[in-house]
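As the structure lists them, so they are numbered: ligands from 1, and atoms in each ligand from 1. Treat the numbers as computed from the prediction; the structure is a model and nothing was measured. The basis for the numbers below is simple: all heavy atoms, side chains too, and nothing from hydrogens, waters or symmetry mates.
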Amino acid sequence: MKAVILGAGAMGHVLRDMINETEGIECLGMIEPLNGEKPGDIAEDADVVIDFSNPENLAMMADFAEKRKTAFVIATTGFSPEQVHVIEEMSKKAPVVYAANFSLGITVMLKVAADLSKALGDSFDIEIIEKHHNKKLDSPSGTAKMLARAVNHDEKYEQVYGREGNCKRGNEIGIHAIRGGTIAGGHTVLFAGQDEVLELTHMVNSKKVFAAGAIKAARFACEKEAGLYDMNDVLNLRKNSSAV
Ligand SMILES: NC(=O)c1ccc[n+]([C@@H]2O[C@H](COP(=O)([O-])OP(=O)(O)OC[C@H]3O[C@@H](n4cnc5c(N)ncnc54)[C@H](O)[C@@H]3O)[C@@H](O)[C@H]2O)c1
């Protein structure tokens, strides 16, 4: 499998190193969009483009998918609802795996959080806390938004982003973003009840977690028809589950 990496940032480098150590996948090159490079510059015979970059590159990716039908793994976060619609349209032309988090642990956490919310939501308050390094651009993280959707499946709670001043808690889920140092990623869903608290926490110790998930997703995408897929499809978790 021949892969092109879109985005020569921190994740692009971790992914290239991992591809170079992995059997059955070759990196044709890594593209830096801010230098004016495009997938077409090196992706003549690529099987898959793996994107860890910036939402600004979406139009370029959609154009490439339309012309070449190459599989895409989209790991960039921070897309607007309109941009997510562009990804949906793009997936009618080519297989696209799109996920705000490529870790196995988070994929399973989403299902568990949804189940806990169903069981406890009526009597427990739910808050989401996410922690990331000080270079992360988007807040809250795409994963925190996914967790919020998972625990708010029937949209009965308002989402509140941080709190300041006089703000009595309502029928809401509070979402809090912490930024500092080199934290690779941490997410907690906190269920606070009368005299008891249940916390579901996932911590990432290295960015390699996301690179490994993206490679798994790339292998999956290369064998699929055009369509939109996520990590539940890649890990075959959709079967026999009420949560996804
Ligand atoms: N889905 C996941 O599991 C997962 C995991 C880690 C990171 N990410 C996401 O991947 C993306 C990249 O993360 P990173 O840590 O490598 O970031 P980074 O800042 O190190 O690299 C960002 C890349 O995007 C390019 N870029 C930045 N601004 C741009 C612009 N305005 N126009 C075009 N290109 C631009 C940069 O040149 C660079 O190549 C982020 O959106 C991050 O949130 C997703």
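- Taking the charged nitrogens against the carboxylate oxygens, K136 and E130 have no contact shorter than 4.0 Å, which rules out a salt bridge.
- Annotation for N205: atom CG does not count as buried by contact number, only 12 or fewer foreign heavy atoms lying within 6.0 Å.
- Shown here, atom 17 (O) of ligand 1 is out of close reach of the protein: none of its heavy atoms lies under 4.0 Å off.
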Run the numbers on Q159 and Y157 for side-chain hydrogen bond (donor to acceptor under 3.5 Å, both in side chains), then give the verdict.
CA-CA 6 Å; Q159 290 180 195; Y157 305 108; over 6 Å; no
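- Side chains of T22 and R219 form a contact here, defined as non-hydrogen atoms less than 4.5 Å apart.
- Only the side chain of E56 comes within contact range of ligand 1, with a heavy atom under 4.0 Å; no backbone atom does.
- Considering backbone and side-chain N/O atoms, G7 never comes within less than 3.5 Å of an N/O atom of ligand 1.
- At least one N/O-N/O distance between A75 and ligand 1 falls below 3.5 Å.
- At a heavy-atom distance under 4.0 Å, only backbone atoms of A99 (N, CA, C or O) approach ligand 1.
- There is a protein heavy atom less than 4.0 angstrom from atom 41 (O) of ligand 1.
- In P33, the part holding a heavy atom less than 4.0 Å from any atom of ligand 1 is the side chain.
- Distance from atom 20 (O) of ligand 1 to its nearest protein heavy atom, with residue and atom name: A10 N, 2.8 Å.
- No option in D138, N57, D51, N54 other than D51 meets the side-chain hydrogen bond (donor to acceptor under 3.5 Å, both in side chains) test with T76.
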Please tabulate, for the side chains in residues 184-201, all donor-acceptor contacts under 3.5 angstrom to protein atoms that are two or more places apart in sequence or on a different chain.
residue: H187; atom: NE2; partner: S141; partner atom: OG; Å: 2.8
residue: T188; atom: OG1; partner: T201; partner atom: OG1; Å: 2.8

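- Under the 4.0 angstrom criterion for non-hydrogen atoms, K135 is not in contact with ligand 1.
- At a heavy-atom distance under 4.0 Å, no atom of S103 approaches ligand 1.
- By the 4.0 Å N-to-carboxylate-O rule, K67 lies close enough to D63 to be salt-bridged with it.
- Less than 4.0 angstrom separates some heavy atom of T76 from each of these atoms of ligand 1: 10 (O), 41 (O).
- When only non-hydrogen protein atoms are considered, atom 3 (O) of ligand 1 lies nearest to F102 N, 2.9 Å.
- With respect to atom 21 (O) of ligand 1, the closest heavy atom belonging to the protein is G9 CA, 3.3 Å.
- When heavy-atom distances to ligand 1 are checked against a 4.0 Å cut-off, N57 comes that close only through its side chain, counted from C-beta outward.
- Protein heavy atom nearest atom 43 (O) of ligand 1, with residue, atom name and distance: T77 OG1, 2.6 Å.
- Counting heavy-atom neighbours within 6.0 Å of E26 CD, excluding the residue itself, gives a total above 12.
- Residue-level proximity to ligand 1 for F52 is carried by backbone and side chain together, each with a heavy atom below 4.0 angstrom.
- A heavy-atom separation below 4.0 Å is not found between G78 and ligand 1.
- Atom 2 (C) of ligand 1 has as its closest protein heavy atom A100 O, 3.4 Å.
- At the shortest separation from atom 25 (C) of ligand 1 among protein heavy atoms lies E32 OE2, 4.1 Å.
- Within the 4.5 Å cutoff, no side-chain heavy atoms of R16 are placed close to those of I19.
- A salt bridge is absent between E21 and K208; no separation between the charged side-chain nitrogens and carboxylate oxygens falls under 4.0 Å.
- Residues near L137 contribute nothing to a hydrophobic cluster around it, because no ILVMFWY side-chain heavy atom sits closer than 4.5 Å to its side chain.
- Counting only heavy atoms of the protein, atom 7 (C) of ligand 1 lies nearest to M11 CG, 3.7 Å.
- Salt-bridge formation is not detected for the pair E225/K69: no Lys NZ or Arg NE/NH1/NH2 atom is positioned less than 4.0 Å from an Asp or Glu carboxylate oxygen.
- In terms of protein heavy-atom proximity, atom 35 (C) of ligand 1 is nearest to N54 CB, 3.4 Å.
- Listed by number with element, the atoms of ligand 1 under 4.0 angstrom from any heavy atom of K136 are 43 (O).
- The number of heavy atoms from other shown groups lying within 6.0 Å of NZ (K216) does not exceed 12.
- Of all atoms in ligand 1, listed by their number and element, those nearer than 4.0 Å to a heavy atom of S53 are 11 (C), 12 (C), 22 (C), 23 (C), 24 (O), 40 (C), 41 (O).
- With salt bridges taken as basic N to acidic carboxylate O contacts below 4.0 Å, one links D122 and K156.
- In terms of N/O distances under 3.5 Å, ligand 1 is approached by A8.
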